[in-house]
2 protein chains.
Amino acid sequence: MMDSKKKRLVIIGGGFGGLNLARKVDKSAYDIVLIDRNNYHSFPPLYYQVASSGLEPASISFPFRRELNSRSYSGCSFRMGEVTRIDTAVRTVHTQFETVPYDELVIAAGTTNNFFGIPDLHKHVYTIKSTPEAIRCRNEVLDRLERAALCDDKRRRARLLTFVVVGGGPAGVEIAGALGEFKRYILRREYPSIRQDEMKVMIVEGSDALLRAMGPRSSADALEGLSQLMVDVCLGKTMKSYSDGVAIFADGSQVETDTVIWTAGVTGVDIALEGTEVAPGPGRRLAVDEYCRVKGLDGVYAIGDIALMETADYPHGHPQVAQAALQQGATLARNLSRPQQQWEPFRYRDKGSMATIGRNRAVVDIGKIHMSGRAAWWTWLVVHLMTLLGMRNKAVVFINWMWSYFNFSAGLRLLMRPERYPLRNHWNE
Amino acid sequence: MMDSKKKRLVIIGGGFGGLNLARKVDKSAYDIVLIDRNNYHSFPPLYYQVASSGLEPASISFPFRRELNSRSYSGCSFRMGEVTRIDTAVRTVHTQFETVPYDELVIAAGTTNNFFGIPDLHKHVYTIKSTPEAIRCRNEVLDRLERAALCDDKRRRARLLTFVVVGGGPAGVEIAGALGEFKRYILRREYPSIRQDEMKVMIVEGSDALLRAMGPRSSADALEGLSQLMVDVCLGKTMKSYSDGVAIFADGSQVETDTVIWTAGVTGVDIALEGTEVAPGPGRRLAVDEYCRVKGLDGVYAIGDIALMETADYPHGHPQVAQAALQQGATLARNLSRPQQQWEPFRYRDKGSMATIGRNRAVVDIGKIHMSGRAAWWTWLVVHLMTLLGMRNKAVVFINWMWSYFNFSAGLRLLMRPERYPLRNHWNE
């Protein structure tokens, strides 16, 4: 199958960056191998909708093999596996299953949750940085509500009905908004034994504004929108610890809660670069030059959230968003497809950013233009629908959104836990 | 909330029987409490489609609280919990969370897998008697294919690519058909490193016919349909044991396989009836009279798969299918809503049965009428769509089916395992 004259380009991670690169790179020059720990591409901007019962996981996921089967990828193959280490001396990538040799390597492995060293935090909070994490978050929130409905102990009940979202970025604002909508529109209708004022949704942000990466008007709109959805917004507040159902903040205050949703930060996925001096920089990102080449390594590139390209405009690297990953993937694809002397440096074009605050309300910043309210929500909806892979997914997501829009209700409140029979662990054979 | 003049009717299980009863019983006579271990109603006839990546779990599930919110259920409340025992002396139902008193009790808890006492079988096989089991089955099948794609060891590869379905009833035929379709239409397209003849799908049935509960023409059609989908049909063969990747059959033959899907039988869900002499009968079903009253107990009824009503027409009880449960739920609802002297005995009306064999082919028996092929498939499709709860689900399922129909491809091949972070077990607090 492999053409011996072609170079073998291995891509770690089939997110926005990796997949765009695979699509756009010259297939006559490379045999392309895509490695991902999952067998599907997923859509992080909508994880929060899975976590809040708005969408089913399959609607925001797309099997790699289906996608690679389309003509634009001909010559790409897929190998499932979690990359544990890279041996740059002999140019091999190691997964739990196999060793894959490469000529050129692109690391597009993305980021995972950053718990900022708070001890054991990862054991106690819920996160939404992957589809399985989002499903778990959904299940746990629904579990709290069902158990509160059965609970007579006042203090216990208050703990069950207190939801603390940590982090005021888009993910935090969006999940807090969805919980607020639930409180405002659904609770009374479907949980008659729980009073509306018993449910508390709180969002905690360390800085002095929500959506800090967006403009001040978006921050103000988010604050107002969440308040209307009965969310308590706490700015300038950081969590110090959380265990045994008690969240303790840096200002000394504390909150009893059984559910903390952590969206406070990300850090590069851990991949051991063996036999090199290269170590990840701030946020565990890999320092790259303006051609996305990992500094100090030959034939190794990094794109997307895991790449740290310090430029004059972006001295701390580009924002860790879909657009930056897509654009780096495209630029690198063009560069790899032509002689090195024609390579172009990466230039980020900021196409704007957006976030939803509950149903029918969003904020959009495009350059100096600011939109909010219903128009922004429809813009948000169209942009996300267009970006989703696959007609089936687009259609299903559209139906779900219209359904929720007219029913004031997220449709999929399913507490669907892992199966009851013991799982065999095939991965450690 | 509770009207003290009303009797409290507790229903265990919100399947076809329990939910139909709750809808139809006279709400002015009863306060109704529905208890279910899940927070959603699910649709067993389509579990196999979840297991074979054809539908997402949310499409065949419907949250109870949403359903009970509709006017036809006004006065029904929902309490999540798994019933561990019933104390008939003091009329209480016990779940892991609470004790619920009742005046009248309806057991509609359904059935689970029957492993016929084969040691440890439940640890090694995959089952499809609930949505989480179906999701697990989907994940494990996809896992085998991904690992086979990476495997060079010939024997290991053969084991990974051998799929044995045990049981030739509708569930077995349908899941084998779906695997056969995958082999026939999808494998070459999406798994270029696996040859079609390397994948083996086998269905094993102890009797001399598939779909034994249907007519002989349906059995013959199923046999032909599965053969066309490259499924090896083994009749008159029973599994004796399965462990360490080796399935051993009663005839002495054996097959090396990493994946056995068990659909060979069901047994009543285990509920301890404390302080009574009543014990479950054959198949762990509860013997009831023609009014669905559990024999030997006062104020306790059983309907659906778990009820064993021996009549002249059905000396071994009614078939354990949706129709019987729905009809018993309706009859019991009418009876409970009127004075006892006007009660009518249950009479089962067989509305026919059907099963699909892959895309575009099905068998339908209605009385003496037999349909097969494409017309039967469309009949099957319409009947199932009409029976599904909720417009959203109907729309999403229809899109999925049309999409698969025109693409020869099940859309949702997602290997989405339980989350990576340790789960807290809140259930044992």
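Numbers restart at 1 for each chain; the letters A, B, ... are given by sequence-line order, proteins then strands. Being a predicted model, the structure only gives us computed values, none of them experimental.
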Q: Are the charged groups of B:Arg8 and B:Asp31 less than 4.0 angstrom apart, N to O?
A: no
Q: At a heavy-atom distance under 4.5 Å, which candidate from B:Asn393, B:Asn39, B:Thr131 has the highest pair count against chain A?
A: B:Asn39
Q: Would you call the rings of B:His124 and B:Tyr242 parallel, tilted or perpendicular, taking 30° and 60° as the class edges?
A: perpendicular
Q: Select one option (side chain, backbone, both, neither) describing which atoms of B:Leu142 are under 4.5 Å from chain A's heavy atoms.
A: side chain
Q: If you count heavy-atom pairs under 4.5 Å with chain B, which of A:Val396, A:Leu150, A:Ile399 comes out on top?
A: A:Leu150
Q: Can you classify the ring geometry of A:Tyr191 versus A:Phe182 as parallel (below 30°), tilted (30 to 60°) or perpendicular (above 60°)?
A: perpendicular
Q: Measure distances from A:Phe64 to the heavy atoms of chain B and classify the residue's part below 4.5 Å as side chain, backbone, both or neither.
A: neither
Q: Do B:Thr257 and B:Thr259 get their side chains close enough for a donor-acceptor pair, meaning under 3.5 Å?
A: no
Q: How close do B:Leu145 and B:Met199 get, counting heavy atoms only, and between which atoms?
A: CD2-SD, 4.4 Å
Q: For B:Ser42, is it the side chain, the backbone, both or neither that has a heavy atom under 4.5 Å from a heavy atom of chain A?
A: neither
